[in-house]
*Asks:* 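A single structure is presented below for examination.
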There are 2 protein chains.
Amino acid sequence: MALPSSTVENYLKAIYQAEMAEEDDTRLVPMGRLASALHVVPGTATTMVKTLADSGLVRYEPYAGVRLTAAGQKLAALVLRRHRLMELFLVEVVGMSWAEVHDEAERLEHAASDRLIDRIDEMLGRPAVDPHGDPIPDQDGAMATPRYQTLLTCPIDTAVVLARVTDQDTAFLRFLEQSHLTPGKTIRVESRDAAADHVLVRGAGDRSIAIGMRAAAKLLVAPPPPSG
Amino acid sequence: MALPSSTVENYLKAIYQAEMAEEDDTRLVPMGRLASALHVVPGTATTMVKTLADSGLVRYEPYAGVRLTAAGQKLAALVLRRHRLMELFLVEVVGMSWAEVHDEAERLEHAASDRLIDRIDEMLGRPAVDPHGDPIPDQDGAMATPRYQTLLTCPIDTAVVLARVTDQDTAFLRFLEQSHLTPGKTIRVESRDAAADHVLVRGAGDRSIAIGMRAAAKLLVAPPPPSG
DNA sequence: AATCGATTTTTGACTCATCAAACTTCTGAT
DNA sequence: ATCAGAAGTTTGATGAGTCAAAAATCGATT
């Protein structure tokens, strides 16, 4: 099989991430979701998915959806690896802002060689997560997938550590950055108000911040590390 | 005008470099040279050059050749800037080898944003030349073009500084690296032998090295800096 | 000046990725 | 059980970039 075009890489990545986002383990991504993730019309996604199926990268069930094969999963994970290492590199080494590296990495991930990516991995000390807290797959495509709670489900008035932000929107990330809500930060949920559709969170030394519930669901938290 | 595809960027870059390589200032690049530089058949180059002419990036004279317009020159210079800054960055910051950065930069130059390139430029201290001694155009596409001598034309038994290597071939660069013939090195030509088709060069503390005349023409040298 | 050979252009075809719009299938509500 | 609407698929077309091979042009040599 020839090297996958960046279009193929993007389809695989989108399918992979859509599979991850599903709660149930049916793992069948509907065409509509895939098409809108890739900003193409549904017919385009159908066509492309059929050719991916012919290459053995996905299994395609007409009118039902698509899922990655083992081969597709591995390729997708390696694309994600390139993306996330690149993001971390741009933040840590190049000094770019947390909020702007996603789009940059979106293009660089298709241009960087494995040599470069491995060099970056080494420079960064084989990191486990990228600047958004997303786990970085290893060279074999294996990836830790811890199950975090969200700001909607974690205990109230209890210290938790912001572990991961599952949205790459630049404006959202900028807001978080300005609010000092970045991965690693210890925070606590002061209250949730269903009527107001918000949660109030506060980091040590900061004012409390109201976050809409839709946004709060994108902030994943872990129990604080054992103190001492 | 929409942003140029990487194909367009590559054509402009190739025309620019072919113009530079010409001694006379006719500056008309024949289609055949362009086609082989880009590894396409001549017909493909003709077709593409005509569309470039329609965009006002080149002036095309059928059966004669092509030259860049001012707009094309500026765009080409900015591509070269991205390429050369990227190469230097990969060597200086990422620690890749002199010999392997060309191909990497060849792809990254089309993916890196202006923000990233300017950030790299700043990190590196607004450098004037890349690892091969090639001058780096500034943000406006302006570039210093010093006129060096080559190992074929410089005075014999006189110290000169290796300033620039006008060939990006990986194997050739590896050879130079192993022979300690890298830009900045002070060397002297011991002899030239037309019959043997070689020149003998020696760097301080090294053995003398025989270099074929074709290769020697690719090594550009400058007078040594005023000592003191 | 006529011609041969090299260079260049033209023509027709192909692949990849895409869209618009017609058509098909599925599903949930009655 | 039907059927309306949502979701998905098919069809036909497009644009970018390419090649192979036929045709045209140029130019150097006789």
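Note that the coordinates shown come from a computational prediction; the quantities given were computed from them, not determined experimentally.
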*Asks:* Between protein and nucleic acid, restricted to nucleotides 15-17 of chain C and to nitrogen or oxygen atoms under 3.5 Å apart, what atom pairs and distances do you find?
*Replies:*
unit_1 : atom_1 : unit_2 : atom_2 : d
C/dA17 : OP1    : A/S5   : OG     : 2.6

*Asks:* Please determine whether a side-chain nitrogen of the Lys or Arg among A/K13 and A/E106 lies less than 4.0 Å from a carboxylate oxygen of the Asp or Glu.
*Replies:*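 Looking at A/K13 and A/E106, the cut-off is met.
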*Asks:* Tell me, please, whether B/F172 has B/K218 positioned over its six-membered ring: NZ or CZ under 6.0 Å from the ring centre and within 45 degrees of its axis?
*Replies:* yes
*Asks:* So does B/K50 get a side-chain nitrogen or oxygen closer than 4.0 Å to the phosphate oxygens (OP1/OP2) of C/dT10?
*Replies:*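 B/K50 to C/dT10 OP1/OP2: side-chain N or O found under 4.0 Å.
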*Asks:* Whole angstroms only, please: what is the CG-C1' distance between A/L38 and C/dC19?
*Replies:*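 For the pair A/L38 CG and C/dC19 C1', the rounded distance is 15 Å.
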*Asks:* If we only count heavy atoms from C-beta on, is the A/R81 to A/D118 side-chain gap below 4.5 Å?
*Replies:* yes
*Asks:* Specify the separation, in whole Å, of atom OH of A/Y63 and atom P of C/dG28.
*Replies:* 17 Å
*Asks:* Going 5' to 3' along DNA chain D, which are the first and last nucleotides with any atom under 4.0 Å from a heavy atom of chain A?
*Replies:*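 First and last nucleotides in contact are D/dG8 to D/dT10.
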*Asks:* Quick one: do A/E61 and A/R59 make a salt bridge, cutoff under 4.0 Å?
*Replies:*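 Looking at A/R59 together with A/E61, the answer is yes, because their closest N to O distance falls below 4.0 Å.
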*Asks:* Is the closest side-chain donor-acceptor distance between B/H132 and B/D167 under 3.5 Å?
*Replies:* no
*Asks:* Answer yes or no: does atom CZ of B/R192 have more than 12 heavy-atom neighbours from other residues, nucleotides or ligands under 6.0 Å?
*Replies:* yes
*Asks:* Reckon A/G32 touches a base, only the sugar-phosphate, or nothing at all at heavy-atom distances under 4.0 Å?
*Replies:* sugar-phosphate
*Asks:* Without decimals, in angstroms, what is the distance between B/Y60 OH and C/dT8 P?
*Replies:* 9 Å
*Asks:* Answer with yes or no whether the side chains of B/H83 and B/H102 bring together a donor and an acceptor at under 3.5 Å.
*Replies:* yes
*Asks:* Verify the distance criterion only: is there a donor paired with an acceptor across the side chains of A/Q168 and A/D134 at less than 3.5 Å?
*Replies:*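 Yes - a donor-acceptor pair under 3.5 Å links their side chains.
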